[in-house]
Amino acid sequence: MKLTKKGLQKGCLAVLGAYLLFCVLFLLIARDQIDFGGMTQKTFAEGEVQGAGTAGDQIFSVPAGADYLDQIQLTFVKTGRQKQEEQDVRVTVTDLQENRVLLEKKESLDKGDDGKTYTLHIRERLDGQGGEYLVHVEPERVEQEEAYHVINTGYRSYSSLRFVYLPVLAAVLALMVLYMFRMVRCLESGKKCLGTYFVMTLCRYKFLIEQLVSRDFKTKYKRSVLGVFWSFLNPLLMMIVQYAVFSKLMRFTVENYIAYLLIGIVLFNGFSDCTNQSMRAIVGNAGLITKVYVPKYIYPVTKVLSAGINILLSMIPLLLVSVCTGLAPSAAWLMLPFGLVTMMLFIIGMGFILSSLMVFFRDIEFLWGVLTTAWMYATPIIYPISILPDFMQKLMIFNPLYHYINFFRTVVIDMQSPEPKAYAVCLGIAVAVCLAGIAVFRKTQDKFVLYI
Amino acid sequence: MDMIRVEHVSMCFKMANDRISSIKEFMTALLKRKLKFKEFWALRDVNFTVEKGDVVGIIGRNGAGKSTILKIISGILKPTEGRVVRSGNIVPMLELGSGFDYDLSGRENIFLNGAILGYSKEFLEARYDEILAFSELGEFIEMPIRNYSSGMLMRLAFSIATVVEPEILIVDEILAVGDENFQKKSRARMLELMSGGTTVLFVSHSLEQIREMCNKVVWLDGGTVKLMGATEEVCDQYKL
């Protein structure tokens, strides 16, 4: 398929359109995160909350300088026979200054949930003067009143990054537009230009990419009975097993443990699966590489794409289960594609590196298996990061998968957009690893033929 | 017009003393200082030009470097020195059935193989019936090719290759295989292509075929061009 000027222009407009859409969504959905700085958590000492420990109304205060009330955390104290009963309660938080209800939420307390922490997301902009807020807990069944503690509150101060992000996004847009004009000019004059070359190769081999992806996808499940359905079943089964084993331990530290686990499992298994498949991209396609010239970059990319379809498919049970366990879909879900795309770029970069190493050192296959197992335990999939010692928590920022899994968890479990910094980190990792992968691949690709 | 220009191409292969294919072996060899490789120069300073419409035969003894130079021209191997300038799309027929995936059916392989050779979906769909007819496979086309006999495989591979309309065709001794019927068909198709103005690079051990089809011949010996010129001239001089 030849690349025409019209085709290139249409493609460029499509990319620009997608970028603009992303910018608009980002500025809208992450508005609160952009305008306000990091969250400060204030744990209430004895006596700071009026009425704490009783079943009645409790009043807590927020200091001046707090411009955004993020959340409060409660814990319910069950006494005597209440321990054995299930109870539904309605929690209301009222702003005493304006006499306005900020939040009304129903929580169900399962039997034996003594001491469990409940987070209530308030997400209100305040006037910054500080003030008092009333918490009222109403049991659904009249006879049983629940005693509770408001243990801490989280709030943020105004520190708008809008003046940082708007110019950055606009500058990127300008650069993209300029480069696209250059690409079109290159196409007309026939000069060599990296962008045009890339798009031309994509066009020329589009059909081959489709064929390779569909071949890999078909052969993967050809011999199995369940076939594609396995993409749904695998993460669910793993989650069930891990939930059964760890839920008693983690109940009090992690809320929404089912969704928490499932996100970690889906993303990590997807990563592990994709990298294992892409490792064999060159070695497995030896027959093709030694017979016909095709840019070798295509092989790892198609392997990652075909394994990536799996990740997309397992998003469906992930989101369904999240909704079923009480996490409603929110506007923030629109940001999930960003997380997915950046993670796929990261995996493609890893794929380039691994597939070229595999050609020269065949035992990379086994080493990688061990590495991914260790990596799994080093990532907070089963456990929350808070149980790790401080210095390890700090080291966790070097774990790329931690950032991606956190991105997803923030969107699905916290139902809000992640911090703008998280976007930058996810994108940064993806670009860095991709570039490194391309560099490694480029240096070694001419020698592949001699070793396969 | 120059379709292919081979300029000062040399190719050096490093022969491993021991085949090193794992990290452990690499480390051991590194520590034992056995990491030096013997060098083998398969080609040295090869120069020639192919013009549009030429049918160039390449002859030489086994090990002279014929397959190597073809691989370099096709872009599969990168030469140690020198370069090849090409101006047209190349269809290599270095082996029949390259790119076949044994789990897929004949039909799926037609599309896969066609895609690898650089043909678009529309082109293959339009020519699908032609391919099917040439192969004479009938309903077996829907079977996975692991169940095909070797003759069926060859028919399938060649019929995919027949619908291509390459600007440059590179053929490496594939016409030597197959029964007489197959040989006849393939020779007929080759002649058809050549009369259509396709540039062809052709390796063969059969001087008969070379005299029949080629207008220029390159004689490679020990990695260098021993003689190059018109068919008659070179073939007369060629003594094994």
Side-chain angles (χ1 to χ4, degrees), chain A residues 1-3 190 200-201 203-224 283-296 298-299 302 357-368 370-371 442-452, chain B residues 11-16 19-27 37 67-68 70-80 84 86 89-105 108-125 144 157 170 172:
Chain A
M1 212 178 92
K2 274 269 164 111
L3 182 66
M200 267 169 64
T201 316
C203 272
R204 185 149 169 235
Y205 293 105
K206 185 179 86 128
F207 184 44
L208 177 62
I209 294 175
E210 284 170 28
Q211 283 292 300
L212 285 175
V213 172
S214 86
R215 176 195 72 165
D216 288 335
F217 192 69
K218 276 191 235 173
T219 45
K220 185 169 182 192
Y221 289 117
K222 201 132 190 164
R223 299 278 178 101
S224 67
V283 177
N285 280 309
L288 291 179
I289 296 177
T290 52
K291 302 293 184 301
V292 165
Y293 172 74
V294 157
K296 298 185 199 53
I298 289 186
Y299 297 109
T302 50
L357 281 180
M358 179 70 168
V359 174
F360 305 105
F361 304 116
R362 296 295 159 98
D363 46 4
I364 286 279
E365 208 175 334
F366 307 112
L367 283 176
W368 186 248
V370 175
L371 215 79
R442 221 167 126 192
K443 267 206 120 178
T444 53
Q445 68 170 338
D446 295 322
K447 303 210 195 90
F448 289 168
V449 185
L450 309 172
Y451 285 85
I452 54 177
Chain B
M11 185 72 212
C12 171
F13 288 110
K14 295 204 166 83
M15 290 162 41
R19 197 64 221 288
I20 293 181
S21 58
S22 77
I23 297 182
K24 176 190 132 226
E25 289 170 16
F26 180 73
M27 281 291 141
F37 298 100
S67 296
T68 312
L70 287 188
K71 284 194 178 147
I72 291 177
I73 295 175
S74 318
I76 295 168
L77 268 182
K78 191 160 166 226
T80 320
V84 176
R86 316 170 189 86
N89 90 313
I90 298 187
V91 173
M93 301 220 295
L94 303 178
E95 190 184 288
L96 276 183
S98 55
F100 275 1
D101 185 312
Y102 285 80
D103 278 320
L104 302 177
S105 72
E108 288 161 341
N109 269 297
I110 288 178
F111 283 98
L112 182 61
N113 219 355
I116 286 164
L117 291 174
Y119 292 93
S120 69
K121 189 170 181 192
E122 295 77 30
F123 180 88
L124 289 170
E125 279 179 349
I170 301 185
D172 188 354

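Note that this is a predicted model, so its numbers are computed, not measured.
- Contacts between A:Leu357 and chain B at a heavy-atom distance below 4.5 Å are absent for every atom of the residue.
- The two residues B:Glu108 and A:Gln211 make their nearest non-hydrogen contact at O-OE1, 4.1 Å.
- Using a 4.5 Å cut-off between heavy atoms, B:Tyr119 contacts chain A through its backbone alone, with no side-chain atom that close.
- Contact check for A:Leu212 versus B:Ile116: no side-chain heavy atoms found under the 4.5 Å cut-off.
- Considering only heavy atoms from C-beta on, A:Phe207 comes within 4.5 Å of B:Phe111 through its side chain.
- Atom NZ in B:Lys121 sits 8.5 Å away from atom NZ in A:Lys206 (nearest 0.5 Å).
- With values rounded to the nearest 0.5 angstrom, A:Leu208 atom CG is found 10.5 Å from B:Asn113 atom CG.
- Proximity to chain A is limited to the side chain of B:Leu124, based on heavy atoms less than 4.5 angstrom apart.
- A:Ile289 touches chain B through its backbone: at least one of N, CA, C or O sits under 4.5 Å from a heavy atom, while the side chain does not.
- With a 4.5 angstrom heavy-atom cutoff, A:Ser214 does not touch chain B via any of its atoms.
- Here the closest heavy-atom approach between residue B:Phe13 and residue A:Leu450 is recorded as CE2-CD2, 3.3 Å.
- In terms of heavy atoms, B:Ile76 sits closest to A:Thr290 at CD1-O, 3.6 Å.
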